[in-house]
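Here the structure is laid out as structure tokens; the discussion comes afterwards.
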Protein chains: 2
Amino acid sequence: MKRKILIADDESRMRRLISDFLKRENYEIIEASDGDEAIDLFLSNKNIDLVILDVMMPGSDGWEVCEYIRELSNIPIIMLTAKVTENDELHGFTSGADEYITKPFSPLILVARVNALIKRTYGNESIIVRGILTLDLEAKTIIINNKITNLSSTELKLLEFLIKNESKVISREILLDNIWGFDYDGTARTVDTHMNRLRIKLAEAGDYLVTARGYGYKFEVV
Amino acid sequence: MKRKILIADDESRMRRLISDFLKRENYEIIEASDGDEAIDLFLSNKNIDLVILDVMMPGSDGWEVCEYIRELSNIPIIMLTAKVTENDELHGFTSGADEYITKPFSPLILVARVNALIKRTYGNESIIVRGILTLDLEAKTIIINNKITNLSSTELKLLEFLIKNESKVISREILLDNIWGFDYDGTARTVDTHMNRLRIKLAEAGDYLVTARGYGYKFEVV
DNA sequence: TAAAATCGTTATAGAGTTGTGACATTTCTA
DNA sequence: TAGAAATGTCACAACTCTATAACGATTTTA
């Protein structure tokens with residue numbers, strides 16, 4: 001899955017620099033040129049995975065943006081500080097940022113920190129949350145509205161596969177190949193039945209399993 | 001069990017910051033505003049589990065407090081240093097601290113270090129309590145509703161392994177590998193039989209051993 | 001040494017899972 | 001709007017997996 005990163009810096013050259021390096025690492029980049037735009041973009045893009053904030057920006061500065069975002073989410077945040085002053089330290093502690101990088105910095109350092117933070121945060125995810133649905137891969141259960149339901153082996157594999165291809169329509173053939181195995185030669189109707197059973201177990205989250213008539217199915221949080 | 005942590009720092013904002021983050025992790029916090037108070041509080045609170053000391057403090061500084069405490073106890077100690085100097089390193093070696101964290105630091109890093117140190121120090125305790133079940137690894141017994149039952153070697157290893165992987169489903173293969181050994185080539189049915197025997201011994205806590213059909217077993221306090 | 005405890009295996013009944021076909025329902029198209 | 005195509009739903013039979021008891025072999029304990 002391509003991770004989405006929001007960068008806020010008022011210097012366009014700096015944004016471009018960071019953006020280029022991160023795109024090379026296969027990240028998707030969203031750029032904001034000041035603090036207020038950063039907040040706007042954060043709110044309108046619901047699945048941003050990491051935020052990089054310059055401290056010095058017109059309008060809301062980096063600290064304000066950081067605190068604002070931290071109110072809403074535990075998403076990892078990296079602060080770019082021109083020089084660490086006493087003030088910055090105090091800000092940093094209370095604003096909830098995860099990492100600090102002092103300007104000037106080597107882009108490679110930045111990339112390394114981003115990679116590390118992404119991995120630390122999402123690397124060994126055994127619990128996947130999408131909307132009101134929580135999938136616990138270790139416990140082999142789903143939780144919806146505080147109700148725990150067991151998933152059978154096929155159901156789990158099916159749901160996991162669809163979530164990992166979130167928003168993409170997957171054909172029955174591909175589902176059969178990936179979940180039942182390439183040599184499996186049963187009918188495609190089998191997929192429908194299992195989707196039906198999954199929807200029943202997903203209950204209020206059943207709508208997340210979307211039929212794409214003529215193509216297959218996709219997982220999408222409505 | 002709630003672990004008790006003593007924090008000594010002369011900056012109240014810093015104390016509050018650390019305290020907030022650790023309380024969120026369910027630690028109980030005791031705050032000292034200088035080195036002498038830290039020593040007082042350490043002596044008057046007999047069951048402190050970990051100490052965090054700022055190096056720079058009026059009165060007795062962090063190193064002195066560290067050495068003092070180390071005379072009395074092997075309790076884990078984390079030092080907060082403004083910047084690591086040659087001198088600090090030398091101090092560090094002789095004062096007996098377990099960890100160093102350089103300011104400024106991310107609160108999350110601190111929390112992670114504290115968690116790790118707590119686990120390293122107290123993680124391998126010999127009495128494990130889960131719900132109505134008490135497992136005594138040294139006595140090789142379990143206690144349920146005041147009734148003591150002996151566990152055989154296999155039963156003990158099985159129960160311990162499952163508890164240490166609480167809430168995670170463990171396959172029979174992994175259980176066989178970890179408890180019977182990699183070279184063991186018996187049938188997976190053996191696990192079932194032992195689970196059955198364990199459940200009988202666990203009596204009212206038998207439900208803690210949950211069958212995950214198609215996957216294996218997990219330990220979970222209901 | 002005899003009795004008791006532990007252990008691995010096997011057989012079997014029962015419970016959960018799965019695939020399939022039949023039919024109902026929805027959606028698309030001419 | 002009628003018919004075709006695609007999908008949803010249900011029931012059932014086949015299949016797989018698990019719980020449990022019983023047994024013999026081995027080890028430990030009294």
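Protein chains get the first letters and strands the later ones, always in sequence-line order, with residue 1 at the start of each. On a predicted model such as this, the values are computed, not experimentally measured, just so you know.
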field: A:Lys23/A:Asp20 ion pair, N-O < 4.0 Å
entry: no
- prompt: First contact, last contact: which nucleotides of DNA chain D are these for chain A, 5' to 3', heavy-atom distance under 4.0 Å?
  reply: D:dA5 to D:dA11
statement: Shortest non-hydrogen pair, B:Tyr215 vs B:Val169, comes out as CB-CG1, 3.4 Å
Protein-nucleotides 17-21 of chain C N/O pairs closer than 3.5 Å?
residue: C:dT18; atom: OP1; partner: A:Thr154; partner atom: N; Å: 3.3
residue: C:dT18; atom: OP1; partner: A:Thr154; partner atom: OG1; Å: 2.6
residue: C:dT18; atom: OP2; partner: A:Ser152; partner atom: OG; Å: 2.4
residue: C:dG19; atom: OP1; partner: A:Trp180; partner atom: NE1; Å: 2.6
residue: C:dG19; atom: OP2; partner: A:Trp180; partner atom: NE1; Å: 3.2
residue: C:dG19; atom: OP2; partner: A:His194; partner atom: NE2; Å: 2.6
residue: C:dG19; atom: O6; partner: A:Arg197; partner atom: NH2; Å: 2.7
residue: C:dT20; atom: OP2; partner: A:Tyr184; partner atom: OH; Å: 3.2
residue: C:dT20; atom: OP2; partner: A:Thr187; partner atom: N; Å: 3.3
residue: C:dT20; atom: OP2; partner: A:Thr190; partner atom: OG1; Å: 3.0

- prompt: Within the structure shown, what part of the strands sits under 4.0 Å from A:Ala188 by heavy-atom distance: base, sugar-phosphate, or nothing?
  reply: nothing
- prompt: So, are B:Glu166 and B:Arg130 salt-bridged, with charged N and O less than 4.0 Å apart?
  reply: yes
query: Minimum heavy-atom separation for B:Ala97 to B:Cys66, with atom names?
result: N-SG, 3.8 Å
message: If I take atom CD1 in residue B:Ile179 and atom P in nucleotide C:dC7, what distance separates them, rounded to the nearest angstrom?
response: 12 Å
- prompt: With B:Asp98, which residues qualify under salt bridge (charged side-chain N to carboxylate O under 4.0 Å, His left out), at least two apart?
  reply: B:Arg70
query: Is it true that B:Glu155 and B:Lys140 make a salt bridge, defined as a side-chain N closer than 4.0 Å to a carboxylate O?
result: no
task: Starting from the C-alpha separation in whole Å, work towards a yes-or-no answer on salt bridge (charged side-chain N to carboxylate O under 4.0 Å, His left out) for A:Arg15 and A:Asp10.
output: CA-CA 8 Å; A:Arg15 286 203 307 275; A:Asp10 55 323; over 6 Å; no
field: Interatomic distance where CD1 belongs to B:Ile200 and C1' belongs to C:dT6 [whole Å]
entry: 14 Å
- prompt: Rounded to the Å, how far apart are B:Asp192 CG and C:dT10 P?
  reply: 13 Å
- request: Taking all heavy atoms of B:Arg199 and all of B:Thr211, pick out the closest pair and write down the distance.
  value: NH2-OG1, 2.7 Å
